[in-house]
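Counting begins at 1 with the first residue of the sequence.
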Amino acid sequence: MKKIWVLTLILGLIWACKKGNDIIEEEDIFAGFVQPSNFPKPAYDLSRNPVTKDGFELGKKLFYEPRLSRNNTIACGSCHIQGAGFTHHGHDVSHGIDDRLGTRNPMPIMNLAWHTEFFWDGGVFDLDFSPVNAIHSAVEMDETVTNVLLKLRARPEYPALFKKAFGTEEITDVLFFRALSQFMLMATSSDSKYDKVMRKEDGASFTASEARGYLFFKNNCANCHKEPLFTDLSYRNNGIRPSRSDDKGRAIVTGNVIDEYRFKVPSLRNLSFTAPYTHDGRYLTVSRMLDHYRHDMVDSPTLDPLFRKADGSLGITMTEEEKADLMAFLKTLEDPTFLSNKILAEPFGSDFIVN
């Protein structure tokens with residue numbers, strides 16, 4: 001009887017070990033970039049930079065690499081924190097090197113595969129080049145791409161990582177940017193309750209309040225916050241008072257007065273985690289942001305016509321009940337899977353000890 005018990009225990013341990021290895025192997029499977037079925041075709045040309053496991057892992061290491069900054073203290077992940085929807089949680093504007101302050105709230109790194117222009121003013125036209133802004137900014141990283149590449153070449157681990165990712169140990173600016181893009185392309189938020197309802201997954205359905213909020217949204221908000229990205233990627237003046245720095249927004253890029261105070265329409269996904277709101281982070285809560293549209297809009301020559309009512313007043317008419325329903329719907333855009341996805345999480349360990 002004792003021999004049978006021992007044999008059973010051994011077989012059980014063997015099965016458990018095999019099962020554990022199977023789980024590890026399953027977790028190690030890298031699917032690459034996957035287009036959600038309820039999303040349109042990506043704007044990014046994946047044929048020139050396909051997302052591979054090695055390319056993504058290099059991009060992830062670079063995204064959290066503090067050597068991208070002048071004094072090796074600030075990484076991309078310092079201002080784009082996963083648990084905050086890859087925004088700078090709690091800060092109205094970016095806090096960069098030497099605790100210097102920027103003038104704008106960092107936009108979330110989320111669903112960028114569908115964008116063709118980047119940042120609040122659309123000043124960058126290719127995802128691959130978007131890191132240049134932060135690296136060269138005197139208030140963010142205060143470094144140069146040239147110096148960053150020199151630092152990476154001096155580290156023994158990076159030539160081998162570039163070799164795995166791109167077939168060469170040469171560390172060039174093109175490959176550096178492509179690796180970072182591969183990481184950012186994988187930051188896809190598409191598993192919220194809203195997405196499951198749209199895809200008819202798991203029997204998901206809106207509550208009565210969420211359904212009313214969705215109807216209100218479609219009638220009053222969807223022109224700018226187009227589904228499923230919840231932005232139409234345009235630039236609009238939504239009646240916010242000019243900031244103390246008098247940030248002219250899109251006009252800084254175009255030089256055209258008709259673009260003054262127009263900023264890129266932000267996505268509404270994961271709002272509960274990406275506060276504060278607007279280009280300068282002036283509103284701390286979703287409720288306060290909605291109140292802006294109800295009774296706090298400022299007129300100007302470039303105000304979006306959508307906010308001009310027939311009687312000459314400005315804003316969006318919204319009762320307290322409609323506001324509550326709209327907030328309930330906006331909660332369905334939260335994506336806990338995206339916020340806790342381990343493959344996007346910051347790595348820890350000796351790899352990031354700066355010498």
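Between D232 and K226, none of the side-chain N atoms (NZ, or NE/NH1/NH2) sits under 4.0 Å from a carboxylate O, so this pair counts as no salt bridge. Look at K309 and D311 and you find no salt bridge, because none of the NZ, NE, NH1 or NH2 atoms lies under 4.0 Å from a carboxylate O. Using a cut-off of 4.0 Å between Lys/Arg side-chain N and Asp/Glu carboxylate O, D291 and R294 are scored as salt-bridged. Using a 4.0 Å cut-off between charged side-chain N and carboxylate O, D335 and K193 make no salt bridge. Using a 4.0 Å cut-off between charged side-chain N and carboxylate O, D247 and R104 make a salt bridge. Using a 4.0 Å cut-off between a side-chain N of Lys or Arg and a carboxylate O of Asp or Glu, E57 and K53 qualify as a salt bridge.
Applying the ring-ring contact (aromatic ring centres under 6.0 Å, His included) criterion to F338, with sequence neighbours excluded, gives F86. Applying the side-chain hydrogen bond (donor to acceptor under 3.5 Å, both in side chains) criterion to D246, with sequence neighbours excluded, gives K248, Y261.
Put simply, the side chain of V145 reaches to within 4.5 Å of the side chain of H136, judged on heavy atoms. Between N72 and K151 there is a side-chain heavy-atom pair separated by less than 4.5 Å. Between L330 and L326, the closest side-chain pair of non-hydrogen atoms falls below 4.5 Å.
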Practice problem: Start with the C-alpha distance between D280 and D92, add both sets of side-chain angles, then the distance that settles side chain to side chain contact (heavy atoms under 4.5 Å, CB included), and finish with yes or no. | Solution: CA-CA 6 Å; D280 59 2; D92 53 352; over 6 Å; no

Exercise. Check the pair F230, H225 against ring pair (Phe, Tyr, Trp, His ring centres under 6.0 Å), reporting the backbone distance first and the verdict last.
Key: CA-CA 4 Å; F230 288 90; H225 297 283; 8.1 Å; no

Exercise. Give the intermediate values and the outcome of ring pair (Phe, Tyr, Trp, His ring centres under 6.0 Å) for residues F206 and Y214.
Key: CA-CA 9 Å; F206 291 137; Y214 183 38; 5.5 Å; yes

Practice problem: Evaluate the criterion salt bridge (charged side-chain N to carboxylate O under 4.0 Å, His left out) for residue pair D121 and R262; output intermediate values, then yes/no. | Solution: CA-CA 8 Å; D121 56 18; R262 290 180 175 174; over 6 Å; no

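If you look at F30 and F56, their ring centroids are closer than 6.0 Å.
When all heavy atoms are compared, the tightest approach of N111 to S189 is OD1-N, 2.8 Å. Considering all non-hydrogen atoms of both residues, E322 and T317 come closest at OE1-O, 4.1 Å. Closest of all the heavy-atom pairs between D325 and R212 is OD2-NE, 2.9 Å. Of all the heavy atoms in P242 and R282, the pair that sits closest is C-NH2, 3.9 Å.
Between H292 and Y283, the ring-plane angle classifies as tilted under the 30° and 60° cut-offs.
Between the CG atom of N38 and the OH atom of Y194 there is a distance of 6.5 Å, given to the nearest 0.5 Å. Here the OG-NE2 distance, from S267 to H115, works out to 7.0 Å after rounding to the nearest 0.5 Å.
The cluster map of Ile, Leu, Val, Met, Phe, Trp and Tyr, joined by side-chain heavy atoms under 4.5 Å apart, puts F39 and L112 in the same cluster. Grouping the Ile, Leu, Val, Met, Phe, Trp and Tyr side chains by contacts below 4.5 angstrom, directly or via other members, places L185 with L161. Under a hydrophobic clustering in which Ile, Leu, Val, Met, Phe, Trp and Tyr are joined whenever their side-chain heavy atoms come within less than 4.5 Å, directly or via other members, L233 and W114 fall into different clusters. One hydrophobic cluster holds both Y44 and F129 under the rule that ILVMFWY side chains link at heavy-atom gaps under 4.5 Å.
A side-chain donor from one of R236 and S234 sits under 3.5 Å from a side-chain acceptor of the other.
Under the 6.0 Å distance and 45° angle rule, K264 counts as a cation-pi partner of F118.
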